[in-house]
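Everything below concerns the one structure shown next.
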Number of protein chains: 2
Amino acid sequence: MPHCHTYLKKLRDHGYRITPQREMIVKIIAHYGRHMSAEEVMEKIREKTSSINIATVYRTLDLLVENGLASRFDLGNGKTAYATSEHGPHVHLVCKHCGSVTEITESDISASLDRIEDLYDFDCRPYHFSIHGLCRDCRDSKTD
Amino acid sequence: MPHCHTYLKKLRDHGYRITPQREMIVKIIAHYGRHMSAEEVMEKIREKTSSINIATVYRTLDLLVENGLASRFDLGNGKTAYATSEHGPHVHLVCKHCGSVTEITESDISASLDRIEDLYDFDCRPYHFSIHGLCRDCRDSKTD
DNA sequence: TCCTTTGATGCGAATGTTTGCAATAAGGAA
DNA sequence: TTCCTTATTGCAAACATTCGCATCAAAGGA
Ligand SMILES: [Mn+2]
Ligand SMILES: [Mn+2]
Ligand SMILES: [Zn+2]
Ligand SMILES: [Zn+2]
C-alpha cells in the first residue's frame, strides 16, 4: 500500500510544498515500516540517487512528527529514532542499565491513554514512546 | 532535608567513589528540586567554585539515572533534562506542535505502570517521562 | 601515614542535531 | 506558459552529547 501518497497528500493539504527531497524521505520511511534514525534514512537515499543534505532529512522527519504522521523517540543510546504509523502504536520498555528494549501490548496502556485524552484533552495517538526503567535481570544483579 | 547525603551514600554503597565533583553535582541537582539540563548544572557550578568539565557533569548525571536516583527525559526542544526524585514522579504531556507541557496526576497513569511492572517484570519507578502529542489548541487550529 | 589499585577526571576529538542565511524552486496567479 | 511570492534547501557554523585515552586521586590495606 503506497502510504507515502497519503502522507504527501496530507502535507500538501496542510499547505506544505512537496519537494523531491520530501517525497524521497517520506517514501523511504513509510516503506521501511520500522524505526529509522536520520542517518539510516540518509544511507537509503545514498543507495538510490543523489544526496540530500542531512539537515533537510531532520527537518522533514520533524515535519512529519509535528503533523502526526510519524513518531519520534529516544532509545536511550544517544540517537533519536523515527517511524511512520506503519510501524504501529506501542510503548517500549527501555532498560536504562543494559539497554534492552521490550514492546508492550496495546491493551496494557490504552486504558491510561484513553483516560489522559479524556481528562486533559490531549491527543496522544498515534502513540509510540519509551518508558525507561530497570529490567528484571538488571534489578536482580544489584544490591540496592 | 539533605537528600544529597542519601544519594551520595547510595552511590558509595554501590561501590562508586565519592569525588568533590560528584558531591557538588549531586548537591546542586538534589537541592534544585526541578528539571535541569547539564548546562544549567554547569552554570550553578561556575557561580560557586572552580569549574568541572562538562563531560563529568554528563557522566555523573547518567550515573544517577542508571542507579535510579534521578530521571532523564526529553522535553522535545533538543535538550535533555534531569531531576532527582525530589521532583516527584509524574508524566509530562508535551505538545509536539507548540511545545506546551502539562503534568498529569499520579492516579491517571499508576494503574498502567502497576500492570506493566507485574506483567513484564520491569521496574518503571520512580517514573518521570514524557508523552508527546497534540494539545487541544493545536488540534483545533488544524484542518486535518 | 604511606602505598597500591583502579575507578574517575579532564581534555580534545568525534558524533548527533539544530540553526541562520543566502540561493533556489514549488505552487498559485495572470 | 511565464512570473512572482515565499517556503524550502544546502551549506557552514553552532550547539548538545559521547568517547578514547593519558593522568589523577579515592579508598582500602599495610
Ligand atoms: Mn517501536
Ligand atoms: Mn517533571
Ligand atoms: Zn537491563
Ligand atoms: Zn500545542
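Fair warning: this is a prediction, and the values are worked out from it, not measured in the lab.
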Test B/Phe73 against B/His128 for ring pair (Phe, Tyr, Trp, His ring centres under 6.0 Å), laying out the working first.
-> CA-CA 7 Å; B/Phe73 60 95; B/His128 190 207; 4.2 Å; yes
Closest to the A/Thr56 side chain, choosing from C/dG10, D/dA27, D/dG10 = D/dG10
Please state whether the base of C/dT18 and the side chain of A/Arg59 form at least one donor-acceptor pair under 3.5 Å?
-> no
d(CZ, A/Arg72; C1', C/dG16) in whole Å = 14 Å
Measure up the A/His90 and A/His87 rings against each other and bin them: parallel (under 30°), tilted (30 to 60°), perpendicular (over 60°).
-> perpendicular
With a 4.5 Å limit on heavy-atom distance, are the side chains of B/Ile131 and B/His92 in contact?
-> no
Could you check which of D/dT8, C/dT5, C/dT18 has an atom nearest any side-chain atom of B/Arg17?
-> C/dT5
May I have the distance from B/Leu63 (atom CG) to D/dC19 (atom C1'), rounded to whole angstrom?
-> 17 Å
In whole angstrom, give the distance that lies between atom CD of A/Glu39 and atom P of D/dT17.
-> 19 Å
Give the rounded distance in Å between these two atoms: CD1 of B/Ile54 and P of C/dT15.
-> 20 Å
B/Asp62 has a side chain; which of D/dT9, D/dC11, D/dT18 sits nearest to it?
-> D/dT18
Given atom CE of B/Met24 and atom C1' of C/dA8, what is their separation to the nearest angstrom?
-> 15 Å
Take the protein atom CZ of A/Arg12 and the nucleotide atom C1' of C/dG28, then report the distance between them rounded to whole Å.
-> 12 Å
Whole Å only: how far is the CG atom of A/Leu8 from the C1' atom of D/dT8?
-> 15 Å
For A/Ser85 and A/Tyr7, does a side-chain donor sit closer than 3.5 Å to a side-chain acceptor?
-> yes
Side-chain donor-acceptor contact under 3.5 Å, B/Thr105 with A/Tyr120 | yes
Name the closest nucleotide to the A/Tyr58 side chain, picking from D/dA27, D/dA12, C/dG16.
-> C/dG16
Verify the contact: side-chain N or O of B/Thr19 to OP1 or OP2 of C/dT9, cut-off strictly under 4.0 Å; return yes or no.
-> yes
Which nucleotide in the set D/dT9, C/dA8, C/dC11 lies at the smallest distance from any side-chain heavy atom of B/Tyr16?
-> C/dA8
Residue met sooner reading DNA chain C from 5', once A/Ser37 and A/Ile18 are mapped to nucleotides | A/Ser37
For atom CG of A/Asn53 and atom P of C/dT17, their distance in whole Å | 14 Å
Are any of A/Gln21's side-chain N or O atoms less than 4.0 Å away from OP1 or OP2 of D/dG10?
-> yes
